Amino acid sequence: MYVEKLNPKDYEKLYYYLYLTRYADELICKNYKQGMLQESHHSCQGEEAIAVGSGILLGKDDYVCPSLRARGYFYLKGATLKEMMAGMYGKVTGPSRGKNTSHHMGDMDRGIVCGSGIIGGALPVAVGVGLGIKKRGSKGVVLVSFGDGSTSRGDFHEAMNLAAVWKLPVLFVCENNRMAMGNTIEGEMAIDRVAIRADAYGMPGVTANGNDVLAVYEATAAAIERARKGGGPTLLEFTTHRWTGHGVKDADAYRDRAVVESYKQDCPLDNFRKVLLAKGILKKRDLDRIEKAAMKEVDDAVEYAVQSDHPPVDIVATNVYV
Amino acid sequence: MYVEKLNPKDYEKLYYYLYLTRYADELICKNYKQGMLQESHHSCQGEEAIAVGSGILLGKDDYVCPSLRARGYFYLKGATLKEMMAGMYGKVTGPSRGKNTSHHMGDMDRGIVCGSGIIGGALPVAVGVGLGIKKRGSKGVVLVSFGDGSTSRGDFHEAMNLAAVWKLPVLFVCENNRMAMGNTIEGEMAIDRVAIRADAYGMPGVTANGNDVLAVYEATAAAIERARKGGGPTLLEFTTHRWTGHGVKDADAYRDRAVVESYKQDCPLDNFRKVLLAKGILKKRDLDRIEKAAMKEVDDAVEYAVQSDHPPVDIVATNVYV
Amino acid sequence: MTILSVRQAIREAMREELLRDDKVFLIGESLGPYGGSFKLTEGLLAEFGPEKIMDTPLSESAIVGCSVGAAMMGFRPIAELMFADFVTIGMDQLVNNAAKMIYLHDGALPLPLVLRMPEGGGATMGPHHSQCVESWILNIPGLKIVLPSNAHDAKGLLKSAVRDDNPVVFIEHKLLYNEKGEVPEGEYTVPIGKAKVVREGKDISIISYSYMVKKSLEAADILAKEGIDAEVVDVRTLRPLDVETLAESVRKTEKAVIVHEAPVTGGAGGEIAAVLQEAAFDYLDAPIGRVGALETPVPYSYTLEQAYLPNTQKIVDKVKQLVTR
Amino acid sequence: MTILSVRQAIREAMREELLRDDKVFLIGESLGPYGGSFKLTEGLLAEFGPEKIMDTPLSESAIVGCSVGAAMMGFRPIAELMFADFVTIGMDQLVNNAAKMIYLHDGALPLPLVLRMPEGGGATMGPHHSQCVESWILNIPGLKIVLPSNAHDAKGLLKSAVRDDNPVVFIEHKLLYNEKGEVPEGEYTVPIGKAKVVREGKDISIISYSYMVKKSLEAADILAKEGIDAEVVDVRTLRPLDVETLAESVRKTEKAVIVHEAPVTGGAGGEIAAVLQEAAFDYLDAPIGRVGALETPVPYSYTLEQAYLPNTQKIVDKVKQLVTR
Ligand SMILES: Cc1ncc(C[n+]2csc(CCOP(=O)(O)OP(=O)(O)O)c2C)c(N)n1
Ligand SMILES: Cc1ncc(C[n+]2csc(CCOP(=O)(O)OP(=O)(O)O)c2C)c(N)n1
Ligand SMILES: [Mg+2]
Ligand SMILES: [Mg+2]
C-alpha cells in the first residue's frame, strides 16, 4: 500500500489542493457569469480528486499534460494560482502573456506540457515527452490526462500503441465522468470500462474510484513505480461524475436534475474529509485552517488577476518563431 | 459448422479462385519485372485464402472494400479479371478508364467499395457503407480488409468504435502477416493477436488460420450471420505469411531467406488441395481441369489488357464533379 | 420576408431539407440532446428522432469518413465539425476520400455530402478554436467551398449544398450566428458559384466573404464619408470561384482589395488576387491589396486577439493607401 | 565537388547531422532494416543503431506528435512521412501543435523539428501517393516550408532545417531522388528563406520550385532558341518567402510566370503572384501567368497523369503567350 507512506503533511497538502481547486472553480464559475472572464471554463467540481491524488506524486523530473478539467496538476507542478487566474482573465500576467489559455498552458521548466484544444491531440505529444525522458536516461514519467470521450479519438489509439511498443514511461489517466459534452458513455463506446482498452495495446489497465483521493493515489503510485522501473505505460481509469454543464455556458438542460444532484452525494472532498476525521489524521479545526488558507490563496489570485494589465498589443506578432 | 453446407461446386469455385489469384499474381510479378505494368503491385502470394474463403460468402446485397493484398474479393464480387488486368496496365479498359488503380477500384453497383491508398483510410468509409446498409433496412453486410500494420492507424480505432456503438453490419477482416513493410509485428504492437483489439470496442474478435480456406470460411460465415441478425460488427483476424517483398520493387533483403522459404511450406493452395484430395471432394484431374481454366482466364485477361488502348488524354479533366 | 439570425437560417435550411428528402440526415457530435455546440441543431432531435440526428463518439475522422460511405450508398449526410479547426483531423477523409471519390468512379457515383463547420476568431476561444481554414483545402479539386456572410445566403446556399451531388464544405463564421437578416418566407435557394455585389461603388472593389463582408460594408460607410465610393463584393463561394463577377467589378473600379480573416500569407486572397490581376490586368490602376490577420497563431486574450484580427479600420486604411497611391 | 543524387545528398545531410549533434534522431516508418520507402535512410541503421533510426508503427499522427514532444524535450527529430499525401493524417499535429508551440510559450521554447516528405506525380502512383501539398499548409504561421530542387540545395537546406529551432516542413519531390548534381565536398549549408536565380535572362521571370525548376530550365533552353531570354528563379523556401529576390527579377524582366506542379487553383502560385503584383506593380508589362496541373485529382494511368501534369511544353506555351501579349 503506497498510501501508508503518506505523512500528515501530505494529507494536509491533499486536502489543501482539493479544497483550493473546488473553491477556485466555484469562484471562476460565479465570476464568469458576471462576464469578468475571457477563458472558456470547464468546471472540475466533483472531479478534483483525480488531478490532486495523482498529481501529488509527480516529482521534479516528471511531466504532466492536464486535460481541460484537471486544474490540480498545474498547482502541484508549480504553476501559481495567480498566473492561472490571470490567464482566465486574459491578462498579461497569464501564461505566455495572454497568448495561450491557462488550461492549456505549457512550461517545460516546471514539467508542464502544453495541452491542445483538439481533444486527444495532446496524447501523441505526451508520448514524445516520454520518449524524451527515456532518451535522457531519466527516471521521470509523464502523466497525460483526458476524458472518457477523448478515448474515441484516433490519437488516443496511436499514442497508446506507440507508448506500449516503445515501453515509454507514460501514464494515461482517464477521467471517466461518463459524459462527452451531450453524449453519454453509451453513445461513445460499447464497453463499460475504459480500462479494458489497455489490453488492446498490451499495457496494464486499472480502474479505480476517482472520487476517493487515496484510491487515486494508490493506483497512480503503482503505475509510476512500474514506469520508473522501465515497465512502460499504464492506462489508469478513474471513475467520477460531471456535476455541471460541459462548460460554463452550458445550462445542462439535457440531463435529469435529480441524477445530477445525486452525484453530489459522492463528493471527493466530503469523502476525504470523512476519512481524515474518522481516522483522526486531521481535526475539524485543521480543516478549517487549511480551508481558510486555500481561500486566501484563491482570493489573492483573483485580486492579482483583476489588478493585472491586459497584454500590450505590440507583443501580438512576436515569438511566432524563435 | 457452416463448411458443411458447402457443395462440390463451391469447392470448385474456391479452388478456382485460389488458383486464379495465385497464377495471376505470379504473372503480374513477372510482367512487372519486364516493365510492362504501371500499377504498383503488392503480391498476395501465400495469402489468397483470406479473400477467397471470406469473399465467396458475400452476396448481391453485400459490399466489400479490399485491402491492397486482397485481390480475390474483386473477382468474387463480379469485377472481371480483364478490367483488373487492364487497370494494372494503365489501360482505358481498366477501372474508371485509368483514373483509379485496379487495387482500389470502386463500383457500388457490384458492391465494391473504393479503397484508399492511405492505409486505414477506407475503414471509416466502410463503416459509412454499413450505416447505409442499416438505413436501407437491408440484410447486407460490408466486409473491409486490411493488414496487421493498418491496425495502428487512428482510423482503425475510430471506425471500429463507431461500428460497435452503432451495431453496424461491418466485418473487419485483418490479414495478419506479421509484417508492415519493413516492420515486424513486434515493432507494430505489444500484443500477439490482433483480435484482442476487438475487446476495446465491445465487439467479438476471432483468430483463425488464414492459410486454411475452410477455416476462413467458417469464421466469416459465423460473423456474417451475426451481422445479418443485427448483432453488429466482428473483428476477424486471419493469420498468414507474406511470401514476397512488400511491393514488386522490394527485394526483401531485410528478411531471413530461410524463414521466408519456410512460409511456403504453409501454402494455402497446397493445404486446400490436400483436403480436397484426401476427402475425395475433387480428384487430381478435377484440379488440373480447374487450373487450366483459371490459367486461361488469366492469360486471356493479360492479352486483353495488352491489346487495350491507353486512355485518351481528353478524358483527364472530366468527371471531377458530377 | 422574416428576420432570422444566421443560426436560425441554417437550422431552417437543415430542417426543410430533412423534411423534403428522406435521404438527408445529420451526423456529428452532441447534435441531439445537446443541440450542437453552437445550438444550430436545437430542437431537431425532438422533431426528427435519433436516426436522422445522429450523435457520434468524439471521432472527427470517422464522422467525415462515415459520411462519405453513407453518401456512396445514396444518402445525403450533413456532417458537422464542432469547430473548423478540427478539419485537421478529418482532413484525410475530406481530401483523399470525399474530394476524389467522383473522379475515381469516373463520374459514375455522386457524392452528396455537406460538411459544415464554424470558423473564425473574435470570441477569445484560443488558438485551436478560432482559425479560418478555407485556404487549407482550396487546392483540392473535387471540393466545393462555400462561406455565407448573412442569413439569406446561409439558408439558400446550404439548401443548394444539400441538393448538390458533390461534396460541399460549408464554412460558417461563429460571430455570424447571432447576426440577423431578412430571409424570404418560402422556399428558395442561392446558387453555389455566384458572387454578389452587395454594395455598388466606383472607386475601389472590396472583395470579401464570410464575417468580413460585414466589416467591409462598415468600412465602405466610413469611406463614403471621406468621399471614397467603395464597391463591396461578397465572394460567397471560393471553389468554384465566380471570377467573372469579381473581375467585372474590378474592371469598373480599377482597384481592388481582398479582405479575409485568415492571415494574409497563403490565404485565399492570394488566389483571388492572382486570378484578378490576370482577368483585369489592363484595367488595374494600383496593385491589388490584401487585408487579413497577422502572421501568427490566433492569440487567446481579447486584447491580443483584437490586434491580430483584421477590422474595419484596417480595411479603411488599406483602401485609402490604394486610392491615394 | 562530388556528384550526388538528391537521394544521396539528403542521406548525407542526415548522416552528417546525426554525427554532429547527439540530439538528432530519425523517426518514421520502415526507416531501419527497410531503409525507407524511397531508400533515403539506407545504411543509417547499421551506422547509428535503432535508438537513432526509429521505426514506428503505421501511425502518422503519432509520428508527428511524438516528434513534437521529443523536440519539446530538447531533441531534434527528423521525422519522415512516406508520402506527402499522408500529411493529411499528421495535419493536426503539424498545424495545431508543431506550428503553434513556440508562440504558445511566447518564445520560451524552441521546437527543432524537421518533417520530411516526398511529394509529386509522374510515377503512376495514383491519386493518394502523388499530390503536392505545400499550399495546404502555407497559411500556417509558425511553420517554415522548404522545397529543394537539386542535390546541392537539398543537402544544404536540410542541414539548415535540422539546425533551425523552428519546425520545418521539408518537401522533396520523388522524381528528384535520382537526379544528380554537384555538391561541395566539405561542410556547407544553404540558408532557409533565400531564393536563387538559377538562370539569368531579361525577357521574363520563370519562378518555380522543386521538380518544376528542372522543367523551367528546359523550357528556358527551348525559348532561348526562339529568341526569348528567360530568367529562372528557384523559390526554394515558400515560408518565409524571399519576396525581394523574386521581385527584383520581375522588376528587371517585367514579366513573370509561376510554375508549380500542384493544380493552379489554390496553389502556392497564387500567393507568389499576389505578392509580386504588389511588389512590382509599376514594372509589370503583362499579367503574371501561372502554370500548374489540371484541376483534377492525380489520375493514375501514365497517359492521363502526363496530361494532368505541367511540363516543359506547357511552360513554353505560357511564356510565349505572355511575351507576345
Ligand atoms: C477533436 C475535438 N472534438 C471535439 C471537441 C469539443 N469538445 C471539447 S470537450 C468535449 C467532450 C470531451 O469529453 P471527455 O473527453 O469525456 O471529457 P469531459 O469533458 O467529460 O471531461 C468535446 C466534444 C474538441 N475540443 N476537440
Ligand atoms: C497512411 C499510410 N502510411 C503508410 C503507407 C505505406 N504503406 C503501404 S502498405 C504499408 C504496410 C501495411 O502493412 P499491413 O497493414 O500489415 O499490410 P500488408 O502490407 O502486410 O499486407 C505501408 C507502411 C500508406 N500507404 N499509408
Ligand atoms: Mg467525459
Ligand atoms: Mg501486414
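Small disclaimer: the values here were computed from a predicted structure and weren't measured.
Comparing C:S61, C:G267, C:A273, C:G292 by how many heavy-atom pairs each has under 4.5 Å with chain D, the most go to C:G267. The greatest number of non-hydrogen atom pairs below 4.5 Å with chain D, out of C:A262, C:A274, C:A99, is found for C:A274. Note on D:T265, D:T296, D:L294: by heavy-atom pairs under 4.5 Å with chain C, the leading option is D:T265. Interface summary for chain C: among D:I258, D:L94, D:V95, the most heavy-atom pairs under 4.5 angstrom belong to D:V95. Note on C:P299, C:A268, C:G90: by heavy-atom pairs under 4.5 Å with chain D, the leading option is C:P299. Interface summary for chain D: among C:D282, C:L241, C:D85, the most heavy-atom pairs under 4.5 angstrom belong to C:D282. Between chain C and the residues D:P287, D:G126, D:G289, D:G270, the largest count of heavy-atom pairs under 4.5 Å involves D:P287.
Once rounded to the nearest 0.5 Å, the distance linking CG of C:L113 with OG of C:S67 reads 5.5 Å.
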Stepwise salt bridge (charged side-chain N to carboxylate O under 4.0 Å, His left out) check, D:R239 with D:E271: CA-CA 11 Å; D:R239 188 168 191 121; D:E271 177 61 28; over 6 Å; no

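Between C:K194 and C:T245 the shortest side-chain heavy-atom distance falls below 4.5 Å. Two residues are said to be in side-chain contact when any heavy atoms from C-beta on lie closer than 4.5 Å; C:L238 and C:I272 meet this criterion.
Nearest heavy atoms, C:D203 versus C:K255: O-CB, 3.8 Å. In this structure, D:I204 and D:A256 approach most closely via the heavy-atom pair CG1-N, 3.8 Å.
Neither the backbone nor the side chain of D:D106 comes within contact range of chain C; no heavy atom of the residue lies under 4.5 Å from a heavy atom of that chain. The contact between D:V275 and chain C is made by backbone and side chain atoms together, counting heavy-atom distances below 4.5 Å. Using a 4.5 Å cut-off between heavy atoms, C:L104 touches chain D through its side chain atoms alone.
For a heavy-atom cut-off of 4.5 Å, chain D lies close to C:Q131, C:C132, C:S135, C:W136, C:L138, C:N139, C:I140, C:P141 in residues 129-143 of chain C.
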